[in-house]
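Scope of the values below: all heavy atoms of this structure, side chains included, with no hydrogens, waters or symmetry mates.
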Amino acid sequence: MNKITRIIFLDNIKGKVVIAYTVVLAIMAWASLLLQDNTSKASLTILNILLFIVPLVSLLYTTIYLYNSREFVVMLLSQPLRRKRIWSSLFTGISCSMLAAFLVGVALPVCLFIPAAQAAVITLCGCAVTMVFVSVAFLTTMQTSDKARGIGIAILLWLVFTMLWDSALLYFLFVFDSWPIEKPVMALLMLNPLDLARFQVIMQMDASAMLGYSGAAFKEFLGATTGMTVSVILMALWIVLPFMASLRRFKRKDL
């Protein structure tokens, strides 16, 4: 961990927001695991946390932090440092702090109460979702210099990925129910990282009835093993591509 990354990580990990985020995740995770009568129900509750709370906080916190750190970034740019190193250090520092919050708040109790295989998938998906939305936040901040507009875009993206996307998918299925639409459904599913995370977790739980139409179609079209592999690759692309796009814009942008 280089010096810039360490400074950013310590600045975040000591911040009140990240500490509060960790505590809230821990309370919700421990309550879910201790109050449910079986691990399957607890896993589904944890999945809801992973699909709603984690992306919202990761996206909003990163967006606000980057806007508030504008002067710090400008100061770094005045030093003999490459822009790629500065942007990569920011991404690594923020990602590590958000991952640490998730691991302490959710992964720790999950690993203690849920079977190892399910716990590993939930932990990995949670880490992936965190990094995806941190990466998306980096791209969001590069699209506009206005803080209010950037936060608005971040909230809109969260609504799209968590609620509007599945609603649009259901409408698409309703309108074209008489057509062979398996491949378009696969394409729509692959464009949403939260659907990919949901697919992975529920597949590990072997609760195919709860996959929904999109997840069931994904399983039928690709098969369990192939579908899991493809979803992992796509999640990795969701982390890398937005960050690379933001890095490219950061290199050219006049701050």
A.B. asks: Show the nearest heavy-atom pair for residues A154 and L59, with the distance to one decimal.
C.D. replies: O-CD2, 3.0 Å
A.B. asks: Run the side-chain contact (heavy atoms from CB on, under 4.5 Å) check on K147 and N68 step by step: do they pass?
C.D. replies: CA-CA 9 Å; K147 182 178 179 179; N68 291 342; 2.7 Å; yes
A.B. asks: Within this structure, what is the CG-CZ distance for the pair L77 and R83, rounded to the nearest 0.5 Å?
C.D. replies: 5.0 Å
A.B. asks: Working to the nearest 0.5 angstrom, can you tell me the gap between I46 CD1 and F113 CZ?
C.D. replies: 10.5 Å
A.B. asks: Regarding T5 and N2, is there a side-chain donor-to-acceptor distance under 3.5 Å anywhere?
C.D. replies: yes
A.B. asks: Looking only at atom types and distance, does a side-chain atom of S88 sit under 3.5 Å from a main-chain N or O of R85, one as donor and one as acceptor?
C.D. replies: no
A.B. asks: Are any non-hydrogen side-chain atoms of Y21 and S58 less than 4.5 angstrom apart?
C.D. replies: yes
A.B. asks: Nearest 0.5 Å, please: how far is OG1 in T229 from CG in L234?
C.D. replies: 11.0 Å
A.B. asks: Would I8 and F72 count as a side-chain contact (heavy atoms from CB on, under 4.5 Å) here? Give the steps.
C.D. replies: CA-CA 10 Å; I8 295 168; F72 175 67; 4.2 Å; yes
A.B. asks: Examine V54 and L33 and state if one hydrophobic cluster contains both, with Ile, Leu, Val, Met, Phe, Trp and Tyr joined whenever side-chain heavy atoms are less than 4.5 Å apart.
C.D. replies: yes
A.B. asks: Is there a donor-acceptor contact under 3.5 Å from the side chain of N12 to the main chain of I94?
C.D. replies: no
A.B. asks: Got a list of side-chain donor-acceptor pairs under 3.5 Å for residues 122-137, not counting sequence neighbours?
C.D. replies:
{"residue": "T123", "atom": "OG1", "partner": "A119", "partner atom": "O", "Å": "2.8"}
{"residue": "T130", "atom": "OG1", "partner": "G126", "partner atom": "O", "Å": "2.8"}
{"residue": "S135", "atom": "OG", "partner": "I239", "partner atom": "O", "Å": "2.8"}
{"residue": "S135", "atom": "OG", "partner": "F243", "partner atom": "N", "Å": "2.9"}

A.B. asks: Hydrophobic cluster membership, with links at side-chain heavy-atom distances under 4.5 Å among I/L/V/M/F/W/Y: are I86 and Y67 in one?
C.D. replies: no
A.B. asks: Mind checking the CD1-CD1 spacing from I13 to I19? Nearest 0.5 Å is all I need.
C.D. replies: 8.0 Å
A.B. asks: Side chains of L56 and F52: does their closest heavy-atom pair fall under 4.5 Å?
C.D. replies: no
A.B. asks: Could you check if a side-chain atom of L50 sits within less than 4.5 angstrom of a side-chain atom of V106, using non-hydrogen atoms only?
C.D. replies: no
A.B. asks: Verify the cluster assignment for L159 and I153: are they in a single hydrophobic cluster under the rule of side-chain heavy atoms below 4.5 Å apart?
C.D. replies: yes
A.B. asks: Which heavy atom of Q118 sits nearest a heavy atom of S43, and at what distance?
C.D. replies: OE1-OG, 3.3 Å
A.B. asks: Do L156 and F161 belong together in a cluster built from hydrophobic side chains that touch within less than 4.5 Å?
C.D. replies: yes
A.B. asks: Please tell me if the side chains of W87 and S246 come closer than 4.5 Å, counting only heavy atoms from C-beta onward.
C.D. replies: yes
A.B. asks: Under a 4.5 Å cut-off applied to non-hydrogen side-chain atoms, are F250 and V73 in contact?
C.D. replies: yes
A.B. asks: If I take atom CG from residue N192 and atom CG from residue L51, how far apart are they, to the nearest 0.5 angstrom?
C.D. replies: 9.0 Å
A.B. asks: With clusters defined by side-chain heavy atoms of hydrophobic residues (ILVMFWY) lying less than 4.5 Å apart, directly or transitively, does V17 cluster with I151?
C.D. replies: yes
A.B. asks: Any side-chain heavy-atom pair from F102 and T22 closer than 4.5 angstrom?
C.D. replies: no
A.B. asks: Kindly say whether M75 contributes a backbone atom to a donor-acceptor pair with the side chain of S78 at under 3.5 angstrom?
C.D. replies: yes
A.B. asks: Could you tell me whether a side-chain N or O of R149 sits under 3.5 Å from a main-chain N or O of T144, the two making a donor and an acceptor?
C.D. replies: no
A.B. asks: Could you check whether F91 and F138 have their ring centres less than 6.0 Å apart?
C.D. replies: yes
A.B. asks: Does any non-hydrogen side-chain atom of I4 lie less than 4.5 Å from one of L81?
C.D. replies: yes
A.B. asks: Provide the closest heavy-atom pair for T45 versus S32 in the form atom of the first, atom of the second, distance.
C.D. replies: CG2-OG, 3.0 Å
A.B. asks: Does either side chain, that of D11 or that of Y65, offer a donor lying less than 3.5 Å from an acceptor on the other one?
C.D. replies: yes
A.B. asks: Please list, chain by chain and in numerical order, all residues satisfying side-chain hydrogen bond (donor to acceptor under 3.5 Å, both in side chains) with T63, sequence neighbours excluded.
C.D. replies: none
A.B. asks: Please round to the nearest 0.5 Å and tell me the distance separating atom CE of M235 and atom CG of L194.
C.D. replies: 7.5 Å
A.B. asks: With the side chain counted from C-beta on, respond yes when V232 and Q200 share a heavy-atom pair under 4.5 Å apart, and no when they do not.
C.D. replies: yes
A.B. asks: Not counting sequence neighbours, which residues clear side-chain hydrogen bond (donor to acceptor under 3.5 Å, both in side chains) with W158? List them please.
C.D. replies: none
